[in-house]
2 protein chains.
Amino acid sequence: MNFIFLDRPRPLSLTCIMGNRRKHSTACPRKVSEKKEQLKAFLKQKGFKSTRQRDIIVTEFLKTGEHITAEDLYRKINRKNREIGFTTVYRTLKLLTKSGFATERLFADNLTRYEPLSAEEHHDHLICLSCGSIMEFENLKMERLQEKIAEEFGFCIITHKMEFYGYCRECRDNAPA
Amino acid sequence: MNFIFLDRPRPLSLTCIMGNRRKHSTACPRKVSEKKEQLKAFLKQKGFKSTRQRDIIVTEFLKTGEHITAEDLYRKINRKNREIGFTTVYRTLKLLTKSGFATERLFADNLTRYEPLSAEEHHDHLICLSCGSIMEFENLKMERLQEKIAEEFGFCIITHKMEFYGYCRECRDNAPA
DNA sequence: TCCTAATTGAAAATGAATTTCATTTTCCTT
DNA sequence: AAGGAAAATGAAATTCATTTTCAATTAGGA
Ligand SMILES: [Mn+2]
Ligand SMILES: [Mn+2]
Ligand SMILES: [Zn+2]
Ligand SMILES: [Zn+2]
């Protein structure tokens, strides 16, 4: 029998902006260096080491911003830094995830993507089946309704996944019938 | 660049029962043979063939009811029918999916599960991280809210995925802090 | 019954994710 | 500034679910 399980999911905590488009954390250099400081502190505290590779990978990851696979991030980095291996990129993203600086996402194409995300944030996704663009939203009413439904079952929600698949504004006209 | 895509998703159509527990289609023999008739008709129409293997596999699948992996269904069948191969079980589940008799589900453990489901039905899932039990629900208010959010983005929803992970009534007491 | 196309199942291939292991690097302690 | 222990690196190997291949078998219409 195969049981569902998640390895210690982090409980959600909401920023509770209603129905709002989430602003992409597009590589604001201020935020990037702030995050890098936090990470450095985290590493030191845990007895882990700051390395040239981690610095490059994290920088590129934060700069990139959204929903990238380890493979794609590796390719990006590899253009400038031929000596950094895929494994290190992969492991760094895992490390970021475990330490709360990133979130793993598994959308319908079943590839693991990562996005920079502080532990307090939560949002859900709209994914265009035509152009692949990913939009983000958070909606308090939705979260409340989820809680309400869960209550009916005596179910205690730790985390949830909500994804809409369809066609974005730009693609909806030439969507298949 | 890796783009998200789904291979021709079927649009949702709701039965629109509000906040209701979905009754498990627990192998009601009447329904089972009805579905098997439909499948037989479908096969004939498409020029596909009715085989002993397909009959056994479909019977067992419908009887089992909910959210089973190809592997688990194979094991179940294999106890009585040593000569039916995994590949055939796998392919039959794929066939059922493509022909609208089953739905593929990918939960957080990243194993493909199948559930018998007529094309018109839709529901979402509550998944217990402790005992692995899966509950089902449908909620019209939720679906409407989703549409409303999508509209804000000019997004046309074709399908969606909504899963709650947490602890069920039975498990919530001994859930980790 | 005959024939053709579909089906079957063992085995191989695929491909993303993860682990191994020998070597290198970090950084704490003398 | 060494020295040394523990961590990190990266190429290669492994894992594991899923999917495909291919030769043999079977279904079902003519
Ligand atoms: Mn996101
Ligand atoms: Mn279900
Ligand atoms: Zn689009
Ligand atoms: Zn439970």
Which of the following nucleotides, [options], is nearest to the side chain of [X]?
X	options	value
B:Ile84	C:dT7, C:dT20, C:dG9	C:dG9
A:Ser50	C:dG9, D:dA8, C:dC27	C:dC27
B:Phe86	D:dT19, D:dT9, D:dA17	D:dT19
A:Thr87	D:dG10, D:dT21, C:dC28	D:dG10

Does OP1 or OP2 of [N] have a side-chain N or O of [X] closer than 4.0 Å?
X	N	value
A:Arg54	D:dT9	yes
B:Tyr90	D:dT18	no
B:Lys94	D:dT19	yes
B:Thr51	C:dT7	no
B:Gln53	C:dT7	no

**OP:** Report yes or no: does A:Asn139 contribute a side-chain atom to a donor-acceptor pair with the main-chain N or O of A:Met142 at less than 3.5 Å?
**Re:** yes

Subject >> Proximity of A:Phe101 and A:Phe61 rings by center, below 6.0 Å >> reply: no

**OP:** Step through it carefully: locate the ring centre of A:Phe137, locate the ring centre of A:Phe164, and say whether they are under 6.0 Å apart.
**Re:** yes

Rounding to a whole Å, what distance do you find between [X]:[atom1] and [N]:[atom2]?
X	N	atom1	atom2	answer
A:Asp72	C:dA17	CG	P	11 Å
B:Asn110	C:dT18	CG	C1'	13 Å
A:Glu83	C:dT25	CD	P	11 Å
A:Arg52	C:dT26	CZ	P	9 Å
A:Leu95	C:dA17	CG	C1'	17 Å
A:Glu71	C:dG15	CD	C1'	10 Å
A:Leu111	D:dA17	CG	C1'	14 Å
A:Leu73	C:dA17	CG	P	13 Å

**OP:** Please figure out whether B:Arg82 or B:Leu43 has its closest DNA chain C nucleotide nearer the 5' end.
**Re:** B:Leu43

**OP:** May I ask you to say whether A:Asp55 pairs ionically with A:Lys40, meaning some side-chain N is under 4.0 Å from a carboxylate O?
**Re:** no

Original post:
Considering heavy-atom distances to DNA chain D, does B:Phe48 or B:Glu104 have its closest nucleotide positioned more toward the 5' end?
Top reply: B:Glu104

Original post:
Looking for any heavy atom pair under 4.0 Å, which part of the strands does B:Arg91 touch: base, sugar-phosphate only, or nothing?
Top reply: base

**OP:** Starting from the C-alpha separation in whole Å, work towards a yes-or-no answer on side chain to side chain donor-acceptor pair (under 3.5 Å) for B:Glu138 and B:His123.
**Re:** CA-CA 5 Å; B:Glu138 24 185 8; B:His123 63 262; over 6 Å; no

